[in-house]
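To start, the structure itself, in structure tokens.
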Amino acid sequence: MSEASKPKNFIREIIDADLESGRHTTIVTRFPPEPNGYLHIGHAKSICLNHGLARDYKGRFHLRFDDTNPAKESTEYVESIQADLRWLGADWGENLFFASNYFEQLFEWAQHLIREGHAFVCDLSAEQMREYRGTLTEPGRPSPYRERSVDENLDLFRRMRAGEFATGAKVLRAKIDMGHPNLNMRDPILYRITHAHHHRTGDQWCIYPTYDFTHGQSDAIEGITHSICTLEFEDHRPLYNWFLEHLPTPSKPRQIEFARLNMTHTLTSKRKLLQLVEEGHVSGWDDPRMPTISGIRRRGYTPESIHEFCDRVGVARRNNTIDLALLEFCLRQDLEERSLRRMVVLDPLKVVITNLPEDAEEWYEGPNHPANEAMGSRKVALTREIYIDRDDFMEDPPRKFFRLGPGREVRLRYACYITCTEVIKDEAGNITELRAEMDPESRGGSTPDGRKVKGTIHWVSAQINVPIEARLYENLFLKEDPEDVEGDGSYLENLNPDSLQVVAAFGEPSLRETDFSLPVQFERKGYFALDPDSDSEQLVFNRSVSLKDSWSKKAGK
RNA sequence: AGGCCCAUGGUGUAAUUGGUAACACAGCUGAUUUUGGUUCAGUCGUUCAAGGUUCAAGUCCUUGUGGGCCUGCCA
């Protein structure tokens, strides 16, 4: 396949050219996470890119863990990362790999470099090495150990592996050019001594290859054709290629960099996300306010919406900040079509329908979806006392307010028209209850005289309902750029104190039997997803995203 | 500042590779609507700057400006 169905981007152009020139007959991509943290929306972009390319070009997609730093990595992350990929639908099939599986081969290649005079064992301390490295504007100086003999290097390196030296005592370095303007080429470290337990290789090794010495060669071993990474690895490409040139690798992959995803009101730094979790600003990695895959999954995002989002943000080399509104748009677009509609009152205000008897119980039918009959319907119960949402009533409404007010008539969705006849308040002047009269002719939602009511509001019987807990979320950060702080302040100052609001709400009776494997829309309020904190006693819902709300926007002015 | 990279509406991404700048999101207006949702119609607004090459430049060249990355024994 020379033409992929997806819109072009510079990477697809490179692939097309490689396929056309015969440089490759098929492509192989990979997603190479380090198992030292949870995946976030930025990783989703990379996953969708790499997996999508392999799928569209009918190539292969590998999942490879870049597990070269035992101090920071663990199987907990290996598992959560796989779960996230599965949820996203990024299927790696049989192609699950670990860089640690290549340790023996890498060790062999390191010796090859030594034999060729391209690597040496260096005894400089970390501080000394920093001094010798030079700066951005000044060249570095060669290590005094640079000219050790091949035999001595070989011997030392083998003894490093044998565990004869302490952590940090020696390193193996490539012999390239201490005067190179690219600091990565100033005799970079290939191996360091770390007496630490590795989550896969156990205590088999006490020397570990660095990222630079591992990544490209792992790509080569697996036959990766296009090694796609983010822009900050650009400066590493010359080194990536240097290893490929100096080692007898089975293939010569090509590194291509693209700009990572940034999003308004959102942080995508593993370190800072970890801080939010550890300092308790959120409940955990899967807190629905987190941009982690596990967080947005719990929030109620669908894999489809994430794929759509990734397709829409595109792939390029310039720094970007995506509007969070685009992510929300993708979710709404997906959910609008698939959600079951239910009525839930989040902020209850009691309304007594005075011309309905105490024991009245009228059941009305409402479709599960306004535009898709195949999704069926459910019944809602109308009684003398009902709840409506507090913001659907105004005692002194402005002209454009279409909802309930003294003397005003509205439609109770699916049921009938009511007119507000009385407002009851407590001593403090707070509205505690409303009295209203229903038009008996309006049962079913319209009247024979065909008169129009401008407003239709949702409601729930005060007697026949399902009490639920609703968790309403707002942006975790107030500012578009969470890092936008005065002086040397911290992004923590931009945390939104109201990012979570927990409310006791009332849902319509059918909520009890609803199949929550399908997404749900609480009519006029938003899309909600059942939270795992739910049990048979208490249903808990997360607001995934609110509905677009052109009224509050207008009213806010 | 040494090197590398980037620059198209408010935000992203395109532009048959030198030939009329477009799509989406956001915003705004209106219509429809038993969700102030959805849908539909419309609207706003763009090539960082200056030179150069050319019949023709968003695209090529030069310089400038602005931004990003790089001085871990992290990835």
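By convention in this document, chain letters (A, B, ...) are assigned in the order of the sequence lines, proteins followed by strands, and residues within each chain are numbered from 1. Quick note: numbers below take in every heavy atom, side chains included, and nothing from hydrogens, waters or symmetry partners.
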field: Gap in Å between the two C1' atoms, one belonging to B/C61 and one to B/U54, rounded
entry: 12 Å
query: If the P atom of B/G58 is compared with that of B/U16, how far apart are they to the nearest Å?
result: 13 Å
- request: Tell me, please, which residues at least two apart from A/Arg408 pass side-chain contact (heavy atoms from CB on, under 4.5 Å).
  value: A/Pro397, A/Phe401
task: Report which part of the nucleic acid A/Lys525 touches: base, sugar-phosphate, or nothing (heavy-atom distance under 4.0 Å, all strands).
output: nothing
Presence of salt bridge, A/Lys8 and A/Asp16, under 4.0 angstrom: yes
message: So if I define the base as every atom that isn't primed, P, OP1 or OP2, how would nucleotides 14-25 of chain B read as a B/S/- string at a heavy-atom cutoff under 4.0 Å?
response: SS-B------SS
- prompt: Whole Å only: how far is the CD atom of A/Glu308 from the C1' atom of B/U13?
  reply: 14 Å
- prompt: Rounded to the nearest Å, what distance is computed from the CG atom of residue A/Asp481 to the C1' atom of nucleotide B/G10?
  reply: 16 Å
- request: For A/His198 and B/A75, give me the distance from atom NE2 to atom P, rounded to whole Å.
  value: 10 Å
- prompt: Does A/Arg413 offer a backbone N or O that forms a donor-acceptor pair with the side chain of A/Thr456 under 3.5 Å?
  reply: no
- prompt: Taking the same atom, C1', in B/A1 and in B/G9, what whole-Å distance lies between them?
  reply: 34 Å
query: If we take the P atom in both B/C48 and B/U29, what is their distance in whole Å?
result: 31 Å
- prompt: Rounded to the nearest 0.5 Å, how far does CD1 of A/Ile322 lie from OG1 of A/Thr266?
  reply: 11.0 Å
message: With the stacking rule set at 5.5 Å and 30°, tell me whether A/Tyr211 counts as stacking on B/A75.
response: no
query: Does A/Gly455 or A/Val313 map to a spot on RNA chain B nearer the 5' end, using the closest nucleotide for each?
result: A/Val313
query: Does A/Lys170 have any salt bridge (charged side-chain N to carboxylate O under 4.0 Å, His left out) partners at least two apart in sequence or in another chain, and if so, which?
result: A/Asp123
message: I'd like to know if A/Glu257 and A/Arg317 make a salt bridge, using a cut-off of under 4.0 Å between side-chain N and carboxylate O.
response: yes
- request: Take atom P in B/U17 and the same atom in B/C40, then report the distance between them in whole Å.
  value: 34 Å
- request: Could you pull out all residues at least two apart from A/Pro482 that satisfy side-chain contact (heavy atoms from CB on, under 4.5 Å)?
  value: A/Leu267, A/Phe477
- line: Going 5' to 3' through nucleotides 37-42 of chain B and flagging B where a protein heavy-atom sits under 4.0 Å of the base, S where only the sugar-phosphate is that close, and - otherwise, we get BS----
- prompt: Applying salt bridge (charged side-chain N to carboxylate O under 4.0 Å, His left out), which residue pairs with at least one partner in residues 185-200 of chain A are found, sequence neighbours left out?
  reply: A/Arg146-A/Asp187
query: Looking across every strand, which nucleic acid part, if any, lies under 4.0 Å from A/Tyr364 by heavy atom: base, sugar-phosphate, or nothing?
result: nothing
field: Separation between the C1' atoms of B/G45 and B/G10, rounded to whole Å
entry: 9 Å
Integer angstrom distance from the P of B/U63 to that of B/G68: 22 Å
Nucleotide B/G10, atom C1' - distance to CG of A/Asn320 in whole Å: 15 Å
- prompt: Under 4.0 Å: is that the gap between some side-chain N or O of A/Thr214 and OP1 or OP2 of B/A75?
  reply: no
- request: Quote, to the nearest angstrom, the C1' distance that separates B/G37 from B/A21.
  value: 34 Å
task: For A/Glu523, answer base if it contacts any base atom (sugar-phosphate contacts may also be present), sugar-phosphate if it contacts only those atoms, and nothing otherwise; contact means non-hydrogen atoms under 4.0 Å.
output: base
message: Between P on B/U35 and CG on A/Leu412, what's the gap in Å once rounded to a whole number?
response: 14 Å
query: For RNA chain B, what are the stems built from at least three Watson-Crick or G-U pairs in a row, each pair having both distances below 3.5 Å?
result: B:2-7 with B:65-70, B:10-13 with B:22-25, B:27-31 with B:39-43, B:48-52 with B:60-64
statement: Regarding B/G72, purine or pyrimidine glycosidic angle vs 90° from 0 gives syn
Tabulate protein N/O versus nucleotide N/O from nucleotides 63-73 of chain B, keeping only pairs under 3.5 Å, one per line.
residue : atom : partner  : partner atom : Å
B/G68   : O4'  : A/Asn319 : ND2          : 3.2
B/C70   : O4'  : A/Asp235 : OD2          : 3.2
B/U71   : O2'  : A/Arg133 : NE           : 3.2
B/G72   : OP2  : A/Arg133 : NH2          : 3.0
B/C73   : OP2  : A/Arg133 : NH1          : 3.2
B/C73   : N3   : A/Gly168 : O            : 3.2
B/C73   : N4   : A/Leu124 : O            : 3.0
B/C73   : N4   : A/Gly168 : O            : 3.1

- request: Kindly state each residue pair satisfying side-chain hydrogen bond (donor to acceptor under 3.5 Å, both in side chains) with at least one member in residues 171-181 of chain A, sequence neighbours excluded.
  value: none
message: If the condition is side-chain hydrogen bond (donor to acceptor under 3.5 Å, both in side chains), which residues does A/Ser74 pass it with, not counting sequence neighbours?
response: none
- prompt: Parallel, tilted or perpendicular: which fits the ring planes of A/Phe506 and A/Tyr387, with parallel below 30° and perpendicular above 60°?
  reply: parallel
- prompt: Do we see a donor-acceptor contact under 3.5 Å between the side chains of A/His458 and A/Glu523?
  reply: no
message: In this structure, how many angstroms lie between the P atom of B/C74 and the CG atom of A/Leu190, rounded?
response: 13 Å
Ionic contact status for A/Arg403 with A/Asp389, cut-off 4.0 Å: no
task: Specify the separation, in whole Å, of atom CE of A/Met185 and atom P of B/C4.
output: 13 Å
- prompt: Can you list the residues that meet the side-chain contact (heavy atoms from CB on, under 4.5 Å) rule with A/Ile14, with sequence neighbours excluded?
  reply: A/Phe10, A/Asp18, A/His226, A/Arg254, A/Ile256
- prompt: Are A/Arg342 and A/Asn368 close enough that a side-chain donor and a side-chain acceptor fall under 3.5 Å?
  reply: yes
statement: Those residues at least two apart in sequence (or on a different chain) that pass side-chain contact (heavy atoms from CB on, under 4.5 Å) with A/Arg443 are A/Leu356, A/Glu362, A/Tyr364, A/Met438, A/Pro440
- prompt: What form does the base of B/U47 take, syn (within 90° of 0) or anti?
  reply: anti
message: Can you measure A/Arg237 atom CZ to B/G3 atom P for me and round it to whole angstrom units?
response: 17 Å
